[in-house]
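Taking it in order: structure first as structure tokens, then the write-up.
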Protein chains: 2
Amino acid sequence: MASAIQITSVMKTLADPTRRAMFERIAREGEIAATGLVRGSKVSQPAVSQHLRALRDAGLVIERRDGRHIHYRVAPKGLGPLFDWLGHYQNFWQERFENLERLLKGSE
Amino acid sequence: MASAIQITSVMKTLADPTRRAMFERIAREGEIAATGLVRGSKVSQPAVSQHLRALRDAGLVIERRDGRHIHYRVAPKGLGPLFDWLGHYQNFWQERFENLERLLKGSE
DNA sequence: CATTTATATAAGTAATTACTTATATATTTG
DNA sequence: CAAATATATAAGTAATTACTTATATAAATG
């Protein structure tokens with residue numbers, strides 16, 4: 001079960017648009033080096049490095065060193081606290097449930 | 001579909017623990033007046049008022065005036081942006097899907 | 001070893017935030 | 001209308017944040 005602190009940490013981390021965009025990109029690419037993230041980013045290399053640290057500290061990404069590159073991937077359980085928290089709102093959840101079911105079964 | 005700005009707004013609003021606790025309480029109670037929230041809160045009445053404004057601005061709660069009381073309820077679509085955003089992570093989503101299904105069917 | 005490349009850290013800053021106390025604005029009630 | 005109650009706004013502040021530029025560290029390569 002996710003603690004309130006974990007939920008706060010994950011939400012705070014993803015609330016920043018720049019950082020969330022980075023997370024989305026890492027998720028899309030599967031795996032990507034920091035350099036790749038710096039290229040095509042509006043912010044400086046140190047800013048990217050700081051955001052990556054924040055994502056890692058929040059448990060949202062994991063890193064793998066390969067020579068002088070560090071590759072980032074989404075941490076499998078990283079979004080867990082968010083899923084858990086949303087799961088408590090079963091009425092809203094249920095409302096979305098059918099849409100989700102259709103989505104997963106690929107009928108649309 | 002939820003815009004990036006809406007997602008940012010909802011996440012930023014819920015990332016604050018005090019404010020998120022207020023949202024959770026409103027959800028739990030179904031409907032509750034501001035006074036009720038002030039009682040049993042660690043922060044001052046103005047702080048509660050400011051947080052309620054933030055929740056309302058983010059589309060997370062709706063208010064209903066009754067005399068000099070203002071009652072708050074969770075906005076039906078308020079968490080929508082969060083659900084939508086999480087929905088994009090289908091692999092993680094799917095991982096939780098079965099648990100959720102069990103939960104909703106009340107088998108545990 | 002010297003240079004280049006990849007990433008991290010340091011230090012500074014403007015903007016934002018989450019509070020506070022004090023006061024203003026409704027709304028009801030005697 | 002005057003007093004009481006419910007909520008909002010104003011103004012100030014300490015802490016946090018998201019950047020920047022400059023510099024340090026780490027690893028590969030000539």
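Below, chain A is the first sequence line, B the second, and so on; all start at residue 1. A quick note: this is a predicted structure, and the numbers were derived from the prediction, not measured.
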| field | B/Arg56 atom CZ, over 12 foreign heavy atoms within 6.0 Å | value | yes
| Whole angstrom value for the distance that separates P of D/dA6 from NE2 of B/His71 | 11 Å
| request: Could you tell me the separation between the CG atom of A/Leu55 and the P atom of C/dT7, rounded to a whole number of Å? | output: 15 Å
| query | If you measure from CG on A/Leu79 to CH2 on B/Trp85, what distance do you get to the nearest 0.5 Å? | reply | 5.0 Å
| task | Check step by step if side chain to side chain donor-acceptor pair (under 3.5 Å) holds for A/Arg19 and A/Thr13. | result | CA-CA 7 Å; A/Arg19 197 157 46 220; A/Thr13 304; 5.1 Å; no
| query | If you measure from the Lys or Arg side-chain nitrogens to the Asp or Glu carboxylate oxygens, is any gap between A/Asp57 and A/Arg53 under 4.0 Å? | reply | yes
Mind listing the N/O atom pairs, protein and nucleotides 17-22 of chain D, below 3.5 Å?
{"from": "D/dA18", "atom 1": "OP2", "to": "A/Arg19", "atom 2": "NH1", "distance (Å)": "3.3"}
{"from": "D/dA18", "atom 1": "OP2", "to": "A/Arg19", "atom 2": "NH2", "distance (Å)": "3.2"}
{"from": "D/dA18", "atom 1": "O5'", "to": "A/Asp16", "atom 2": "OD1", "distance (Å)": "3.4"}
{"from": "D/dC19", "atom 1": "OP1", "to": "A/Thr18", "atom 2": "OG1", "distance (Å)": "3.4"}
{"from": "D/dC19", "atom 1": "OP2", "to": "A/His51", "atom 2": "NE2", "distance (Å)": "2.3"}
{"from": "D/dT20", "atom 1": "OP2", "to": "A/Ser44", "atom 2": "N", "distance (Å)": "3.0"}
{"from": "D/dT20", "atom 1": "OP2", "to": "A/Ser44", "atom 2": "OG", "distance (Å)": "2.7"}
{"from": "D/dT20", "atom 1": "O4", "to": "A/Gln50", "atom 2": "NE2", "distance (Å)": "3.1"}

| task | Find the distance B/Ile70:CD1 to D/dA6:C1' and express it as a whole number of Å. | result | 8 Å
| said: Taking the basic N atoms (NZ, or NE/NH1/NH2) and the acidic carboxylate oxygens, is any pair closer than 4.0 Å for A/Arg73 and A/Glu63? | reply: no
| For the pair made of CD in A/Glu63 and C1' in C/dA8, what is the distance, rounded to whole Å? | 11 Å
| query | In whole angstrom, what separates B/Asp66's CG from C/dA26's P? | reply | 18 Å
| message | According to side-chain contact (heavy atoms from CB on, under 4.5 Å), who are the partners of B/Glu29, at least two apart in sequence or on a separate chain? | response | B/Arg25, B/Ile32
| request: Let me know, please, whether B/His69 or A/Arg68 comes out on the 5' side of the other along DNA chain D by nearest nucleotide. | output: B/His69
| request: Rounded to the nearest angstrom, tell me the gap between atom CZ in A/Arg65 and atom P in D/dT25. | output: 14 Å
